[in-house]
Enquirer: 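Take this structure, written in structure tokens, and hold onto it; I'll ask about it next.
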Amino acid sequence: YNTGQQNNNNLGYSAGCTNPTLTGNYFVSDTALKLVSCTGVTMTGNTFYDSVSGFTQSQYPSNTYLTSRPSGVKIFLRPNAYEAGRANITIYNWDLTPTVLVDLSGFLSPGAQYVVRNAQNPFAVPVLTGTYDGNLVPFPMTGLAPATPVGVPTPPPTGPEFNVFILTSTAGPYEFFDVPLSDPFHDAIHTVASNGITAGCGNGNFCPDDSTTRAQMAVFLLKSKYGSAYVPAPATGAMFDDVPANAFAAAWIEQLAAEGISTGCGAGDYCPNAAVTRAQMAVFLLKGLLGSGYSPPPATGTVFSDVPAGSFAAAWIEELEARGITSGCGGGRFCPASVNTRGQMAVFLVSTFSLQ
């Protein structure tokens, strides 16, 4: 946004450029974009207002070229790639209204605490603070004073036509920054969090795509079975060679073994940092639910195309399907050797233990 500043959106400048790609941008300036000695340009899906220089519309027809002032509102919400819960919000308010309603539902979950600051004066009193309730949030477009730079006069405000805001937030109750409402695992993850089974992986995130380790699985399984208040007996450190008494989840791992849910990974080890496969998870879930003495009916080999009757845990996998705990990984398959992600684990726990 550079009205009054000729050619500020200048690609190539004095050195030129080679094979640039410009896609999905919104250029607003007296000269919306100037290309200088650029070759191999790919330019699609952009909007330009006002004029352009160094190229013609016919060269790049798959863009929008505006020669008269637009109407309405254009809002861009860009999550920060390096800080969870932070985003920049850019608003073009072509109708010059004193406030603009902004939809934050794709970024915040209901119950999240948020703070909005003027990007032109980020250390001033916040523009907005509140608890997100799922409704549109009115952003003020007037009365926002820029900070005074050192050595120069205070610049005029850009509102009500244009303003940029910095939004910071905390996740709502039992919500995570990396699990938006649209995530297919959202509801299950919210449920396991509200049941106190996990608080996530840190910094307000859940890490739904990370693999579930065998140590984590021990905690998830026993808390799902006995409740969030359950605490196993202290670890002895003598049950598995690779699980000393002070290791992460050592008490939970030993309790899992004491209940006969797992005897380890072989040779006196438990392999606490190894990822749990989907086949292994079928055994853990059903033993956790029904006890170590449970044995499922023999496998038929006809339920999943990648689980023949003689394969590892085939009977357990088919019983998991029979109980409606899983329908597989798609395409008639179960993917038994695939690692069990944390998001998938949440779904398995909710379905197996009927968590609410």
Side-chain angles (χ1 to χ4, degrees), residues 192 196-202 205-228 230-296 298-299 304 306-320 325-326 329 333-349 351-353:
V192 296
I197 295 168
T198 177
C201 61
N205 292 317
F206 185 81
C207 305
D209 298 326
D210 285 3
S211 60
T212 303
T213 68
R214 290 170 57 89
Q216 292 169 346
M217 181 273 303
V219 180
F220 292 157
L221 201 60
L222 291 174
K223 281 196 172 186
S224 296
K225 182 177 182 178
Y226 296 120
S228 62
Y230 173 75
V231 178
T236 65
M239 191 167 290
F240 296 106
D241 294 338
D242 57 352
V243 184
N246 62 348
F248 168 73
W252 302 85
I253 292 169
E254 291 189 4
Q255 181 63 32
L256 209 67
E259 295 190 18
I261 298 174
S262 173
T263 56
C265 60
D269 290 337
Y270 179 80
C271 305
N273 297 319
V276 181
T277 67
R278 289 170 57 87
Q280 293 168 346
M281 184 51 56
V283 180
F284 290 144
L285 288 172
L286 291 175
K287 282 193 173 184
L289 177 67
L290 302 170
S292 61
Y294 172 75
S295 180
F304 296 107
D306 58 351
V307 184
S311 61
F312 169 72
W316 302 85
I317 292 169
E318 291 189 5
E319 181 63 16
L320 214 62
I325 295 172
T326 182
C329 60
R333 299 175 301 120
F334 182 77
C335 305
S338 296
V339 299
N340 204 87
T341 68
R342 289 168 57 87
Q344 292 169 347
M345 171 65 81
V347 175
F348 279 141
L349 294 174
S351 298
T352 300
F353 296 97

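The structure presented is a predicted model; accordingly, all values stated were derived computationally and were not measured.
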Enquirer: Could you grab the distance from atom CE of M217 to atom CE of M345, nearest 0.5 Å is fine?
Expert: 6.5 Å
Enquirer: Measure the spacing between OG1 of T277 and CG of N340 and express it to the nearest 0.5 Å.
Expert: 8.0 Å
Enquirer: Any chance you could measure F220, atom CZ, to T198, atom OG1, to the nearest 0.5 Å?
Expert: 4.5 Å
Enquirer: Tell me the closest heavy-atom pair linking A267 and D241, and the distance in Å.
Expert: O-OD2, 3.9 Å
Enquirer: Walk me through whether Y294 and L289 qualify under side chain to side chain contact (heavy atoms under 4.5 Å, CB included).
Expert: CA-CA 9 Å; Y294 172 75; L289 177 67; over 6 Å; no
Enquirer: Is the ring pair W252/Y230 parallel, tilted or perpendicular, if the boundaries are 30 and 60 degrees?
Expert: perpendicular
Enquirer: Closest heavy-atom contact between E319 and P296?
Expert: CB-CB, 3.9 Å
Enquirer: If you take all heavy atoms of A249 and A215, which pair is closest and at what distance?
Expert: CB-O, 3.7 Å
Enquirer: Quick one: pull up OG1 in T212 and CZ in R278 and give me the separation to the nearest 0.5 Å.
Expert: 11.0 Å
Enquirer: Can you find a pair of side-chain heavy atoms, one from D269 and one from V243, that are under 4.5 Å apart?
Expert: no
Enquirer: Does any N or O in the side chain of E259 come within less than 3.5 Å of the main-chain N or O of G291, such that one atom is a donor and the other an acceptor?
Expert: no
Enquirer: Closest approach of F353 and S224, non-hydrogen atoms and distance?
Expert: CD1-CB, 3.6 Å
Enquirer: Using the side chain to side chain contact (heavy atoms under 4.5 Å, CB included) criterion, which residues pair with A313? Sequence neighbours excluded.
Expert: A279, V283, W316, I317
Enquirer: Under the side chain to side chain contact (heavy atoms under 4.5 Å, CB included) test, which residues partner T263, sequence neighbours left out?
Expert: none
Enquirer: First locate atom CD1 of I253, then atom CD1 of I261, and finally report the distance between them rounded to the nearest 0.5 Å.
Expert: 13.0 Å
Enquirer: Can you name the one residue among Q280, K287, R214 that meets side chain to side chain contact (heavy atoms under 4.5 Å, CB included) with S262?
Expert: R214
Enquirer: Looking at A346 and V192, what are the two nearest heavy atoms and their distance?
Expert: O-CG1, 3.9 Å
Enquirer: At what distance, to the nearest 0.5 angstrom, does CZ of F334 lie from SG of C329?
Expert: 8.0 Å
Enquirer: Using every non-hydrogen atom in the two residues, find where A245 and A250 come nearest and quote the distance to one decimal.
Expert: O-CB, 3.6 Å
Enquirer: Which residues satisfy the side chain to side chain contact (heavy atoms under 4.5 Å, CB included) test with S351, sequence neighbours excluded?
Expert: I325, V347
Enquirer: Decide yes or no for D306 and P336: does some side-chain heavy atom of the first lie under 4.5 Å from some side-chain heavy atom of the second?
Expert: yes
